[in-house]
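Numbers restart at 1 for each chain; the letters A, B, ... are given by sequence-line order, proteins then strands. We use all heavy atoms of the structure for the numbers below, so side chains are in, but hydrogens, waters and symmetry mates are not.
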Amino acid sequence: MPYYCLLTASEKTGYKIFMEYNFRSIEQKWQQQWEATHAYRVSNDSDKPKCYVLDMFPYPSGAGLHVGHPLGYISSDIYARYKRLKGFNVLHPMGYDAFGLPAEQYALETGQHPAVTTENNIHTFRKQLDNIGFCYDWERQVKTSEPAYYKWTQWIFLQIFNSWFNRHTQKAEPIHTLIQVFEKEGNVRHECPGDRHLHFSSAQWTAYDEATQLNVLMQYRLAFLAYAEVNWCEALGTVLANDEVVNGVSERGGFPVVKKKMRQWFMRITEYANRLLEGLETVAFSDSMKEMQRNWIGKSQGAEIKFAIKGAPAEEFITVYTTRPDTIYGVDFMVLAPEHDLVKLITTPEQQATINSYLDYVQSRSERERMAEVKQITGAFTGAYAINPISGQEVPVWISEYVLAGYGTGAIMAVPCGDQRDFGFAKHFNIPITNILGGDFNGQEANPTKDAILHNSGPLNGTPMREASEVVIRELEHKSIGRRQINYKMRDAGFSRQRYWGEPFPIVFKNGVAYPVDEKELPLELPHIENYKPGPEGEGPLANVTEWVNIAPGVRRETNTMPGYAGSSWYFLRYADPHNTATFASRHATDYWNQVDVYVGGTEHAVGHLLYSRMWTKVLCDLDFIGFDEPFKKLINQGMIQGSSRFVYRVKGTNQYVSLGLKDQYETDRLHVDVNIVDGILLNTEAFRQWKAEFADATFLLENGQYLCGTEVEKMSKSKYNTVNPNELVEKYGADTFRMYEMFLGPVEQSKPWDTKGIEGVHRFLKKLWRLFYDEQKGWIVTGEQPAPEALKILHKTIQKIDYDTEHFSYNTAVSQFMICVNELATLKARQRAVLEPLLILLAPYAPHIAAELWHTLGHESSILDATYPLFDEQYVKESAFNYPVAINGKTRLEMSLPLDADNTTIEAAVLANEDLKKWLENKPVKRVIIVKGRMVNLVI
RNA sequence: GCGGAUGUGGUGAAAUUGGUAGACACGCCAGACUUAGGAUCUGGUGCCUCACGGUAUGUAGGUUCGAGUCCUAUCAUCCGCACCA
């Protein structure tokens, strides 16, 4: 480590400078120092135990970082530094999820290439991150939009494309093993996941032409092509994301959006449903997080039942999935999803017009709306009747938007007495309701119980529902009109985007059949374009780059790109070996770093990113590229930092603004005002006038000489002017203060609104800490004396608490403990090195710069980053007596100091002998004495 | 609609997991030092009450010697729901 010129307090020059806590020069100095010495460089070879601490990498948006982002980053940084002090070799990398829609949208509006804006944004992010003093090993940075990175995204995609899921072994295997099976025995033992009704023998397989064979294989591949609906906006000529569609029209321009079927790539994640579910048992995610994933996967047990259609050909059935086969006699009608293939076939001529107009209506409805708006019951009768395969009863077939095509079979058997939505539907359309619950159904609402005795159920009458399911399933299977079925709510994950700014697929189509590009051709680079407009027929912009798309006559490249989660599904593996050009990461590196020990990020990724990356990890593990099948051992969810917006009230039609308390006397418009020109709720009126030209002539109606703003907690966003830039706070108070303040706000997992106000308290704490070392007049005041027992006591209490809290991510209480400790040491005037030195090590993960500075001034040549973490010693904190609260009937009345080793009899005697107690006892006899040793005494009278 | 989370002073919160509610801070009040204070230090600060005391953890019940913590019901707010990342 190069020696840095440091002025100590004893030197005459610069004497004054180091009297005060000058965070700016300290932080700058140490950041430069750490960079120059590569202090955060991490090696893949070490004798130390490893620890992998990872942040969810950010999408580098144009808005830059706001105070919400660093919350998780600071948490993980503290943990990483702490683990390093504890003797671990810690991998703590950072990178950018650099592909994405906003950059492309911005390109569309401004003509700037996404690669350029993304690079600019990354630059801004990096500057902001560097300010806060993180211990990232930047030599391992990844950017998902770089060819050197997405080469491996494409490569992994090809591995997934070239794999199938063997349900017998529950593992992915290379597709050639499946071909061998087909050649030997057809698909008798391997049900086709893409089309269950596909059956062929080995003879048939060998007779198929190549295109047919490839089509069949596509139905097995883990990355596959299928048709699915997208939000199609004719006017914009493009496919829209769900959040670009508002109330059935495009967010931009308000044009109508309809659903359109397009050929798309998918990940067959449903094959992994069970393993994703079981894997949850092996990871340390919060219960709520596991619950969310379980619900998303949505495993249910039930039966698939085929209902014949009256008057239709015998081979046509309405197949339904139900978790309640026991209610089969309660089926009063059937409901198909409006998109169901049978709708066209079974609708009677008389009902055709009704059905058509209903289908038009449904076209305009988003899936979200269809699920959410249940109060409004809609539907249409097809005119057809289905025949209950168990009871033989004929029931009408309806279509309704509350049945979704993507879930189950896209059709349900409706049991209104047991299902509230079915009940509402039946009531609304006057469909008679069969009561199979007897007295358990009141006719006013459905009763979804499983504990009733069946009525009106033919031979099942009198059977408890829980037993009936089994009976019905057996009969269905016996008659071949249904079967036991496990169903998952989870759907295969759409993996195509009709966009430019994403990874190109390494796929070419020859006469419409998909072929993988040779691995040697990777990376398949994204061609540079100037025009970001969509291609014909809703294809992505790449379709316009004809020279890139058309390779040879009849040979076209795939023009879709991969979605945002492609690059993020495996990036944690790349950090282990980021510069490898021969493979995505060497087996040596992934074996060494293995699973991420702690993963920190927001709950918004609860299902999407976490499930996809878990799936990719499982595939790579099955194919033996890595040695573990769960990527993240432990997950910490950081809460959202909400914005706290401020409002001014403009008198309608004027440029006059009235203070909060006076606004009701006027008719006003509420306007967001930049929180950065408001102190608490006091508006800086001068800054307001300068904020925007339109406010230059603003006049104010004040209360008590002040302008008070209204407040509201909202999402932190630029448009609400409630974002707070960490840079400004770091500039004003320093990175150490900022880091500790973010942690002081409350538990990491909890969401809370941002309020800058309290930061002063943390800053004062650091200044107070500084004054333990430096006196304004005397300068450096640390001594080598033996510390007082009180000082050692508070030190060791602090060691114990900080160690525990840091290990458990309880950083808010850790910061409090630092404050308590420093307050106490200041009161004790404790200046001894033996107390202050361990305290600095404890503090180093939280406030690394000030800790490093004082450490250095204490005379250490070696870095505090690798100091030895202090050990807690109980002898210093032992107490001999405890101040017992004495309660009567649970109400604390007085306190008594008693020796801690006193036994219950002694305590009881001492308490009952207390004179002050008399007035509380009101001469009533003590019925019972409850003593909790070392805690409290309670007398019951 | 489904799923998840959160409700404690004026504010952010703490509470060893069933045992003295409000630690630590912000803010506010009073005072000291100071040429000055947006520096620093001291004291106070849940609410009601002059006080004695009473009362208090979204609301309503319950279990318990004892409940912020456990149970039941209920209300409110926030987040996610598959093409934002």
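- Separation of atoms NE2 (A:His763) and CG (A:Asp736) is listed at 10.5 Å; rounding is to 0.5 Å.
- A salt bridge (charged side-chain N to carboxylate O under 4.0 Å, His left out) check over residues 931-941 of chain A, counting only residues at least two apart or in different chains, returns nothing.
- Atoms CG (A:Asn889) and C1' (B:rG54) sit 16 Å apart, rounded to a whole Å.
- Between the NZ atom of A:Lys752 and the C1' atom of B:rC79 there is a distance of 15 Å, given to the nearest Å.
- Between A:Glu291 and A:Arg294 there is a salt bridge, with a side-chain nitrogen of the basic residue lying less than 4.0 Å from a carboxylate oxygen of the acidic one.
- Pair assignment for B:rG3 gives B:rC79, based on Watson-Crick or G-U wobble hydrogen-bonding distances that are each under 3.5 Å.
- Taking atom CD of residue A:Gln750 and atom P of nucleotide B:rG4, one finds them 19 Å apart after rounding to whole Å.
- Nucleotide B:rU57 forms no Watson-Crick or G-U wobble pair with any nucleotide shown, as no partner meets the under 3.5 Å limit on both distances.
- As rounded to the nearest Å, B:rC79 and B:rU72 have C1' atoms that lie 26 Å from one another.
- Ring pair A:His605/A:His609 is perpendicular by interplanar angle, where above 60° counts as perpendicular and below 30° as parallel.
- When the P atom is compared between B:rG54 and B:rG58, the two are found 23 Å apart, to the nearest whole Å.
- At B:rC83, one or more side-chain N or O atoms of A:Arg497 fall inside 4.0 Å of OP1 or OP2 (strictly under the cut-off).
- Side chain to side chain, A:Gln498 and A:Gln264 meet the donor-acceptor criterion of an N or O pair below 3.5 Å.
- Nucleotides B:rC48 and B:rG38, compared at atom C1', are 35 Å apart to the nearest Å.
- Ring geometry, A:His69 versus A:Phe125: the interplanar angle exceeds 60°, so the pair is classed perpendicular (tilted spans 30 to 60°).
- Across all strands shown, nothing is found opposite B:rC52 as a Watson-Crick or G-U wobble partner with both distances under 3.5 Å.
- Across the protein-nucleic acid pair, A:Leu240 atom CG and B:rA82 atom P stand 14 Å apart, rounded to whole Å.
- Applying the Watson-Crick and G-U wobble criteria (two distances, each under 3.5 Å), B:rU42 pairs with B:rA30.
- The aromatic rings of A:Trp754 and A:Phe738 sit tilted, their planes meeting at an angle between 30° and 60°.
- Between the side chains of A:Glu895 and A:Asn883, at least one donor N or O sits under 3.5 Å from an acceptor N or O.
- Look at the P atom in both B:rG7 and B:rG12: the space between them is 11 Å, to the nearest Å.
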Checklist entry - Does the ring pair (Phe, Tyr, Trp, His ring centres under 6.0 Å) test come out yes or no for A:Phe818 and A:Tyr846, once each step is laid out? => result CA-CA 10 Å; A:Phe818 279 124; A:Tyr846 292 80; 5.3 Å; yes

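- A donor atom on one side chain and an acceptor atom on the other are not found under 3.5 Å apart for A:Asp805 and A:Gln817.
- For the pair A:Ser496 and A:Asn883, both in contact range of RNA chain B, the more 5′-proximal nearest nucleotide belongs to A:Asn883.
- Counting to the nearest Å, the C1' atom of B:rC2 and the CE atom of A:Met490 are 17 Å from each other.
- Shown here, B:rU69 forms no base pair; nothing in the strands shown gives a Watson-Crick or G-U wobble contact with both key distances under 3.5 Å.
- B:rU64 makes up no base pair with any nucleotide shown, lacking Watson-Crick or G-U wobble contacts both under 3.5 Å.
- B:rU34 and B:rC24 have their C1' atoms separated by 29 Å, with the value rounded to a whole Å.
- Straight-line distance from the CD atom of A:Gln642 to the C1' atom of B:rC78: 6 Å, rounded to whole Å.
- For B:rG54, neither phosphate oxygen OP1 nor OP2 lies less than 4.0 angstrom from any side-chain nitrogen or oxygen of A:Lys891.
- One C1' atom belongs to B:rU35, the other to B:rC50, and the distance between them is 42 Å to the nearest Å.
- For the P atoms, the distance from B:rU6 to B:rG53 is 38 Å, rounded to whole Å.
- Listed by residue number, the members of residues 807-825 of chain A with any heavy atom below 4.0 angstrom from RNA chain B are A:Asn812, A:Thr813, A:Ser816, A:Met819, A:Ile820, A:Asn823.
- Both A:Phe57 and A:Glu895 lie near RNA chain B, and the one whose nearest nucleotide falls closer to the 5' end is A:Glu895.
- Atoms CG (A:Leu745) and P (B:rA13) sit 8 Å apart, rounded to a whole Å.
- On the C1' atoms, B:rU57 is 9 Å away from B:rG22, given to the nearest whole Å.
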Item to check | Heavy-atom protein contacts under 4.0 Å, nucleotides 26-49 of chain B, coded B base, S sugar-phosphate only, - none | outcome: SS-----------SSS--------

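- Look at CG on A:Leu769: it is 16 Å from C1' on B:rA25, rounded to the nearest Å.
- Of the options A:Phe505, A:Tyr150, A:Phe99, A:Trp265, a side chain to side chain contact (heavy atoms under 4.5 Å, CB included) to A:Met562 is made by A:Phe505 and by none of the others.
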